[in-house]
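When a ligand or atom number is given, it counts from 1 through the structure's own listing order.
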Amino acid sequence: MKQHPSTPGLPGSLPRLDHVVPAPASVAPSETPYQITRSTHIVVDDSPETRRTGEYLARILRPSTGYRLPVTTHGADGIRLRLAEGPFGAEGYRLDSGQGGVTVTAAEPAGLFHGVQTLRQLLPAAVEKDTVQPGPWPVAGGTVEDSPRYGWRGAMLDVSRHFFTVDQVKRFIDQLALYKINKLHLHLTDDQGWRIAIDSWPRLATHGGSTEVGGGPGGYYTKAQYEEIVRYAASRYLEVVPEIDLPGHTNAALASYAELNRDGVAPPLYTGTEVGFSSLCVGKEITYDFVDDVIRELAALTPGRYLHIGGDEADSTSHEDYVKFMDRVQPVVAKYGKTAVGWHQLTGATPAKGVLAQYWGLDSTSAEEKAQVVKAAQGGTGLILSPADRVYLDMKYTKDTPLGLSWAGYVEVRRSYDWDPEAYVPGLPAGAVRGVEAPLWTEAIENPGHVEYMAFPRLPGVAELGWSAAGTRDWERYKVRLAAQAERWNALGIEWYRSPEVPWGSDGR
Ligand code: ACM
């Protein structure tokens, strides 16, 4: 592939068309960049979605360039965003950049938005700063044609073990959008905290949400706040997948309502990090009233298709009860118009038609457990791949990195990238894998700086596994493209781990 001509004397690195992460389906560089100047317009077609994406782009470009960059429906020189028929699919796009301008074309608004993420990466990293920079602002020249491998490209944030505010979640969403992630899975409930207001069971949030791991004040989202997160995510073409973890991981609920307990006695709130000690009472009818109310209210807050019901580590629920419970709860999700997602232990019960299972096993997971997952997949259960020893973002990078856990081993950057979602669980039928997701559990992660340090640089690699064609995966090439991202993270003020596996620039990047 031809390299972009270098221009001496420019601050920072010139962007390259072939350095985009996730790698596009096809890239054809040309010699002539487009230059964003004071007279550049962002020209959009008439649709409100296109205008919104135009305004979004303008808000990114204006602070650093200092240009007005008006978003208009007419005008010649500039950046054009347009919806048009074409072979783009639901999320794909085409980007043409040359002397006369940059045009992003897509069939759907999501595709335009993803094309704009590519455009950002074709500009010098300094464009991401929030104060006026000297420029100039070349957009690497050439043509990109692109569409994703999988429809599910997710990240999960555990807001239960440590609570994260609306603004903190929005910042994370912006970071996910950069890499074309399209699902934000929010782990809203666990032993240590219930984080979403439920009107019919108000103490879940007011009591169950009143602390967190380590005994801090915790918190919860009001319905209005939660809807704000959902809207913000939607404006970045991410679908929020809310999780209520059942029937285990429920101490916060059990502590809030004595009647949910087998013995009618509410346990104390819990601020430690053990798992597997709590269970809803499968034999009590009130359990199902509770589940129905929670799922009904949550489904009403959820424009997306999916509702995650957990199902992992139900070690205090007998197998028989677990199966019985899931048999009753999966239809409730369907009744409220949603598709259930569960951790892969759900495959040990009777997965309902159409549900998805999220695989979080390891290489060392037993053959029996893997066989159960394969059997469910053969029966039509779709899989989201989140192997803990590859993409659990809460795992330490090495024994010497300061944050996180290590029960699934150390997960350095190469390890998180260099695996095949289709082959990770041997014997899966073709089409079973619906995508990948990187979960970030927060037992040991307390603030947004911690989140960023664990997500960067692993998250872009998982995004690439989800977006880019199978044949793209090549660590030696990827690590060079990844290194080029660091200047962007610095410009955005993102904290990140300077892995020795990656050839970061010698200028401190
Ligand atoms: C999990 O890590 N317990 C899904």
> Does anything in residues 207-231 pair up under ring-ring contact (aromatic ring centres under 6.0 Å, His included), and if so which pairs, sequence neighbours excluded?
Replying inline: F163-Y221
>> Please report whether the ring centroid of Y257 lies less than 6.0 Å from that of F290.
In response: no
>> Considering non-hydrogen atoms of the protein only, which is the closest contact for atom 2 (O) of ligand 1, and what is the distance?
In response: Y392 OH, 2.6 Å
> Are R52 and Y56 close enough, and set up right, to give a side chain to side chain donor-acceptor pair (under 3.5 Å), and what steps lead you there?
Replying inline: CA-CA 6 Å; R52 265 203 300 276; Y56 164 89; over 6 Å; no
> Do any pairs count as a salt bridge (Lys or Arg N to Asp or Glu O under 4.0 Å) and have a residue in residues 382-409, sequence neighbours left out, and if so which ones?
Replying inline: D389-R415
> Considering distance alone, does some N or O of W343 sit under 3.5 Å from an N or O of ligand 1?
Replying inline: no
>> Which of the numbered atoms in ligand 1 are under 4.0 angstrom from any heavy atom belonging to W441?
In response: 1 (C), 2 (O), 4 (C)
> Please state which protein non-hydrogen atom is closest to atom 3 (N) of ligand 1 and give its distance, to 0.1 Å?
Replying inline: D312 OD2, 2.6 Å
